[in-house]
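Here is how names work: the chains are called A, B, and so on, in the same order as the sequence lines, proteins then strands, and each is numbered from 1.
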Amino acid sequence: AQSVTQLGSHVSVSEGALVLLRCNYSSSVPPYLFWYVQYPNQGLQLLLKYTTGATLVKGINGFEAEFKKSETSFHLTKPSAHMSDAAEYFCAVSGAGGYNKLIFGAGTRLAVHP
Amino acid sequence: EPEVTQTPSHQVTQMGQEVILRCVPISNHLYFYWYRQILGQKVEFLVSFYNNEISEKSEIFDDQFSVERPDGSNFTLKIRSTKLEDSAMYFCASSESSGGSHEQFFGPGTRLTVL
């Protein structure tokens, strides 16, 4: 079975500050991990993903995440927040094999204030 | 850039009525999915579909739900007799290949409101 826990349903940062969105997962198989972003009235857009190999993955819009197996974590960071980063962020996990569904966390709403 | 489209963007229906939500996946994708998000809750997997067959479904996807690929481009989700608790945002997604590492591309969603 797989599950995802996102700590903090709401995160607020100042423009230019570090963004840190937390994600912990549980998986009985080697996990594939994803971060998706959802802007208002839009669908989910992939920010980045970890499958195998390098544990620090870089995504779009300056975001990156580090897979830490020992901590079962996949936290999302961005060094300097921009107003346009305000959105809802979802961490998701899937596993090895075919037809794999995504298991999502509850989401974290990021607010960026001037 | 290719994208997944969904129609309608918002559907209002009476309890007990049938609804069909439509999706046009990205043209060269072979794997299709439906997810839903009840207001204030997490995105939940409903069903995956490949080669004209359901490949996996969740416990939510009961006999009231069905999926179909009626032609070469559309992928539909039908709810036969809607209930109040079916009110949610429904997302369609598609991927080029199977395997959990492959990106699923999501549509903008259909907001279903059951009165």
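- Atom OG of A:Ser3 sits about 7.5 Å away from atom NZ of B:Lys42, to the nearest 0.5 Å.
- From A:Leu48, atom CG reaches atom CD of B:Glu103 across 10.5 Å, with rounding to the nearest 0.5 Å.
- A pairwise comparison of heavy atoms in B:Phe91 and A:Gln42 identifies CE2-O, 4.3 Å as the closest pair.
- Annotation for B:Asp63: atom CG does not count as buried by contact number, only 12 or fewer foreign heavy atoms lying within 6.0 Å.
- At most 12 heavy atoms of other shown residues, nucleotides or ligands fall within 6.0 angstrom of atom CD in B:Glu96.
- When heavy atoms are compared at a cutoff of 4.5 Å, A:Val93 does not approach chain B at all.
- Note: the hydrophobic cluster containing B:Ile54 also contains B:Phe32 (ILVMFWY, side chain heavy atoms under 4.5 Å, direct or indirect links).
- Hydrophobic clustering (side-chain heavy atoms under 4.5 Å, transitive across Ile, Leu, Val, Met, Phe, Trp, Tyr) keeps B:Leu115 apart from B:Met89.
- Looking at B:Glu3, there are no atoms closer than 4.5 Å to chain A (heavy atoms on both sides), in backbone or side chain.
- Linking ILVMFWY residues whenever their side-chain heavy atoms come closer than 4.5 Å, directly or via other members, places A:Val19 and A:Tyr39 in the same cluster.
- A:Lys101 has a carboxylate O that lies under 4.0 Å from a charged side-chain N of B:Glu56, or vice versa, which qualifies the two as a salt bridge.
- You'll find the ring centres of A:Phe104 and B:Phe45 outside the 6.0 Å limit.
- Looking at A:Gln45, there are no atoms closer than 4.5 Å to chain B (heavy atoms on both sides), in backbone or side chain.
- Residues B:Leu39 and B:Leu46 are members of separate hydrophobic clusters, defined by side-chain heavy-atom contacts under 4.5 angstrom among Ile, Leu, Val, Met, Phe, Trp and Tyr.
- Residue A:Tyr50 does not touch chain B at all, counting heavy-atom pairs closer than 4.5 Å.
- Only the side chain of B:Tyr35 comes within less than 4.5 Å of a heavy atom in chain A; its backbone stays farther off.
- Of all heavy-atom pairs spanning B:Gln37 and A:Phe90, the tightest one is NE2-CZ, 3.4 Å.
- Under the 4.5 Å side-chain contact rule for hydrophobic residues, B:Leu21 and B:Phe75 share a cluster.
- How far CZ of B:Phe106 is from CG of A:Leu46: 9.5 Å, rounded to the nearest 0.5 Å.
- Around CZ of B:Arg22, the count of heavy atoms belonging to other residues, nucleotides or ligands within 6.0 Å does not exceed 12.
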